[in-house]
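Lettering follows sequence order; numbering is per chain, from 1.
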Protein chains: 2
Amino acid sequence: MKVSTIEDVARRAGVSRSTVSYALSGKRSISRETRERIEAAIAELGFTPNAGARALATSQTMVIGLFVQFFEDEFSPAMLQYVLPISDAAREAGYDILMVTETDGPHAVQRILSSGMADGVVLLNVAYEDQRLPVMRTMKQPGAMVGLPRNPDDFDVFDLDFAEAGRILVDHLAERGHREVILITPRQHVYERGGAYAWRFRDAALQQAASYGIRVRSYYGETQQPLVNQQLNTILDAREETAMIVHNDAVIAALPSVLYSRGIRVPDDLSVVGVFSEDFGKLFSLPYTAVETSPNKLGRLAVQALVQRMVGPRAANAPRVELVAPSITDRGSAR
Amino acid sequence: MKVSTIEDVARRAGVSRSTVSYALSGKRSISRETRERIEAAIAELGFTPNAGARALATSQTMVIGLFVQFFEDEFSPAMLQYVLPISDAAREAGYDILMVTETDGPHAVQRILSSGMADGVVLLNVAYEDQRLPVMRTMKQPGAMVGLPRNPDDFDVFDLDFAEAGRILVDHLAERGHREVILITPRQHVYERGGAYAWRFRDAALQQAASYGIRVRSYYGETQQPLVNQQLNTILDAREETAMIVHNDAVIAALPSVLYSRGIRVPDDLSVVGVFSEDFGKLFSLPYTAVETSPNKLGRLAVQALVQRMVGPRAANAPRVELVAPSITDRGSAR
DNA sequence: ATTTGTCGTCGAACCGGTTCGACAGTAGGG
DNA sequence: CCCTACTGTCGAACCGGTTCGACGACAAAT
């Protein structure tokens, strides 16, 4: 039952350790018969190279650190949409995922990277002034982020083009003649904390609306029930607007039942557009036209960029900052 | 920028490597002044022990493998409720989480454990005849599972007592005089695949209902929109029953909007009870009385048991199989 | 004064791989 | 037929920690 080492394999095949190693890696040529004997020995002993030893010898762990930040004021199921594609993409490239959810992000990054537990990291939910970035800069491992920080520096950054998303949705409503619009944004705390996507979206939307002469009333949306429903009802009580832009996962998830219960029909009584991924929409059965946030695409991009930087020669290429162009999925909820 | 090793620290403090190691671990006494010199050196050099080297020397990685299986026919957000508490509990015990989502579970377990990347594993979503178990048995690392397999063997197993949950909900309806009840279960495929929780719940519920003389009409619920809504409408079209037990995340998440749209009020027109965690209920704003599934409790229990087995002496104590007693949260959706 | 014990430290071996340089044997080129 | 080149293999060093046994210094016990 004791796990066998490369030494056991070597002995059994009657060769030296180095020969086994070369047979495994193919970095030197090995005669046909020797290789077969080694392979047989490996099969019989059920040998698998020890990851720690290999990491020590090669200074490569084949592990990617995935740093997730869960904020109480954010809607958790959205995160999973990033995590899964990242895990899949990593595995396809031969990497495993060390998932770190510590609340003290900077400290966690420091701990994992300085002990050499990962060859590189993906940072999720990156804030404008993300405290994990200064730590990353002192480490030698490369990093890729999802979410746009103020200074991307050496890192590959991927995010949705939220400004464009805001414009697209305003256009969509403007084309249909709406003049008064409600905008529900993420919670106020998200702005204060520096969730840049929040104000990138809002600023662009407001500016675009202004250019059309559209009046926008904007609210910071809640994220916890029963507050979400209460707030929605208050907003709808006072409503004069004909359309609603929702950039808040919790609010849009709760919207169908609130609208039903008030007898407000979409799009007849109210036009609604949002910002969410296709999967998210399915999950909550959302019948609303929305800008697709493509979490799987962003996650995969991040991993691919990171992998390139980990295997590639030093400073292989300039850091990428890619704002993915949003696409709109028309589900007919505005007219 | 090059990371420093214990050798660097030793040289700088004017001692030997072993002395530094002992100063770090405290396994032998070190004089006050030497320790201070070593600590100073460590601070100045920013030294952190290399995880790979330490793992090699101690055969301890301080990593827990977390094996998650995502089935297309299951509702994904539920999984996150387990993952987060597990990650937190692991960190509190000094472990990091290697999260593995490969579809080929048995192979993944084999790969991670035989290469010694983790000291132990937590298996999520364990099936009755889970193919990962035979692999686990050939490995030396301990494992804890969430979900009850046919033969728990050497492993610690934690799950909700779904049979009891079924009985509790039937009792709840029986007490209120219901004689005809709809039961919506997980998808048929879940039964075939061996998701034991599904039939443990259903069998107990049916038996309990029979003992009361309650008639139950049972349906395999869908998990993907728009099928979920379609099916619900079909079921409600034909309904003669006065109450509904829902043991299906996707269905219960979709239920409020379907009921609203049909003008069915709860509990006036229909009593509804379900099986879901408090967090899940908040997420989807579910106003239904339900049995609490306590994913956080189960996750933490699994980690704690695993940690005990990893640090403890060989075969420290008999394997635990713990079916957590369900508690009901009355939200007044049945009368 | 000698023995016994404790404290603090060091050197060396070990964990399990990878990789470099050396070398014997064989093949190809002149 | 000799020299060179290449193929296949081995031994040793190394990666960066931990741990065991040894040992000198000094204190306490006899």
Side-chain angles (χ1 to χ4, degrees), chain A residues 2-39 41-42 45-63 111 113-119 140 311, chain B residues 2-39 41-42 45-63 111-119 140-141 311:
Chain A
K2 181 187 166 297
V3 286
S4 44
T5 74
I6 201 173
E7 173 76 47
D8 303 330
V9 174
R11 194 171 14 239
R12 174 136 194 161
V15 296
S16 73
R17 268 152 71 209
S18 49
T19 305
V20 177
S21 179
Y22 285 124
L24 243 30
S25 69
K27 294 193 178 173
R28 285 198 187 174
S29 46
I30 301 288
S31 76
R32 184 175 166 62
E33 22 179 346
T34 320
R35 185 178 333 110
E36 280 168 3
R37 253 184 309 131
I38 291 177
E39 278 162 7
I42 289 181
L45 272 57
F47 164 76
T48 314
N50 178 285
R54 180 172 274 180
L56 183 54
T58 60
S59 3
Q60 277 217 70
T61 60
M62 300 307 281
V63 167
R111 186 170 60 79
L113 291 191
S114 63
S115 68
M117 296 185 73
D119 296 337
K140 64 175 195 311
V311 301
Chain B
K2 180 185 166 302
V3 285
S4 43
T5 74
I6 200 172
E7 173 75 48
D8 303 331
V9 175
R11 193 170 16 239
R12 175 135 191 160
V15 296
S16 74
R17 267 151 73 208
S18 48
T19 305
V20 177
S21 179
Y22 286 123
L24 242 32
S25 67
K27 295 192 179 175
R28 285 197 187 176
S29 47
I30 299 288
S31 77
R32 184 176 166 62
E33 22 178 347
T34 328
R35 183 173 340 107
E36 280 168 2
R37 253 184 309 133
I38 291 178
E39 278 161 7
I42 288 179
L45 270 55
F47 164 75
T48 313
N50 178 284
R54 179 171 274 180
L56 183 55
T58 60
S59 8
Q60 277 218 74
T61 60
M62 299 308 281
V63 167
R111 186 171 61 79
I112 298 294
L113 290 191
S114 63
S115 68
M117 295 185 74
D119 296 338
K140 63 175 197 310
Q141 292 98 331
V311 301

Check for a donor-acceptor pair, side chain of [X] on one end and backbone N or O of [Y] on the other, with a separation under 3.5 Å.
{"X": "Gln141(B)", "Y": "Ala118(B)", "result": "yes"}
{"X": "Thr34(A)", "Y": "Ile30(A)", "result": "no"}
{"X": "Arg35(B)", "Y": "Ala23(B)", "result": "no"}

Which heavy-atom pair separates [X] from [Y] by the least distance, and what is that distance?
{"X": "Ser114(A)", "Y": "Thr48(B)", "value": "OG-OG1, 3.2 Å"}
{"X": "Met117(B)", "Y": "Ala51(A)", "value": "CG-CB, 3.5 Å"}
{"X": "Ala13(A)", "Y": "Ala41(A)", "value": "CB-CB, 4.2 Å"}

Q. When the C1' atoms of the five terminal pairs at each end define the local axes, what inter-axis angle does the helix from dA1(C)-dT30(D) to dG30(C)-dC1(D) show, to 10 degrees?
A. 40°
Q: Give the C-alpha distance, both sets of side-chain angles, the deciding distance and a yes or no for side chain to side chain contact (heavy atoms under 4.5 Å, CB included) between Leu24(B) and Ser21(B).
A: CA-CA 5 Å; Leu24(B) 242 32; Ser21(B) 179; 5.6 Å; no
Q. Quick one, which residues of residues 10-17 of chain A touch DNA chain C with a heavy atom under 4.0 Å?
A. Arg17(A)
Describe the nucleic acid contact of [X] in one word from base, sugar-phosphate, nothing, applying a heavy-atom distance below 4.0 Å.
{"X": "Thr5(A)", "value": "sugar-phosphate"}
{"X": "Thr48(A)", "value": "sugar-phosphate"}
{"X": "Ser21(B)", "value": "base"}
{"X": "Thr58(A)", "value": "sugar-phosphate"}

Q. Can Arg32(A) and Glu36(A) be counted as an ion pair, charged N to O under 4.0 angstrom?
A. yes
**Q.** Side-chain heavy-atom pair Ile38(B), Tyr22(B) within 4.5 angstrom cut-off
**A.** no
Q: Would you check if Val63(A) and Asp119(A) make a side-chain contact, meaning some heavy-atom pair closer than 4.5 Å?
A: no
(Q) Name the residue from Ile42(B), Val20(B), Thr19(B) that meets the side chain to side chain contact (heavy atoms under 4.5 Å, CB included) definition with Ile6(B). (A) Val20(B)
**Q.** Opening and closing nucleotides of DNA chain C in contact with chain A, under 4.0 Å to non-hydrogen atoms
**A.** dG16(C) to dA22(C)
Q) For Thr5(B), which residues count as a side chain to side chain donor-acceptor pair (under 3.5 Å) partner, sequence neighbours excluded? A) none
Q. Side chain to side chain contact (heavy atoms under 4.5 Å, CB included) with Thr58(B): which residues, sequence neighbours excluded?
A. Arg54(B), Gln60(B)
Q. Could you run down nucleotides 22-29 of chain D 5' to 3' and tag each one B, S or - for protein heavy-atom contact under 4.0 Å?
A. B-------
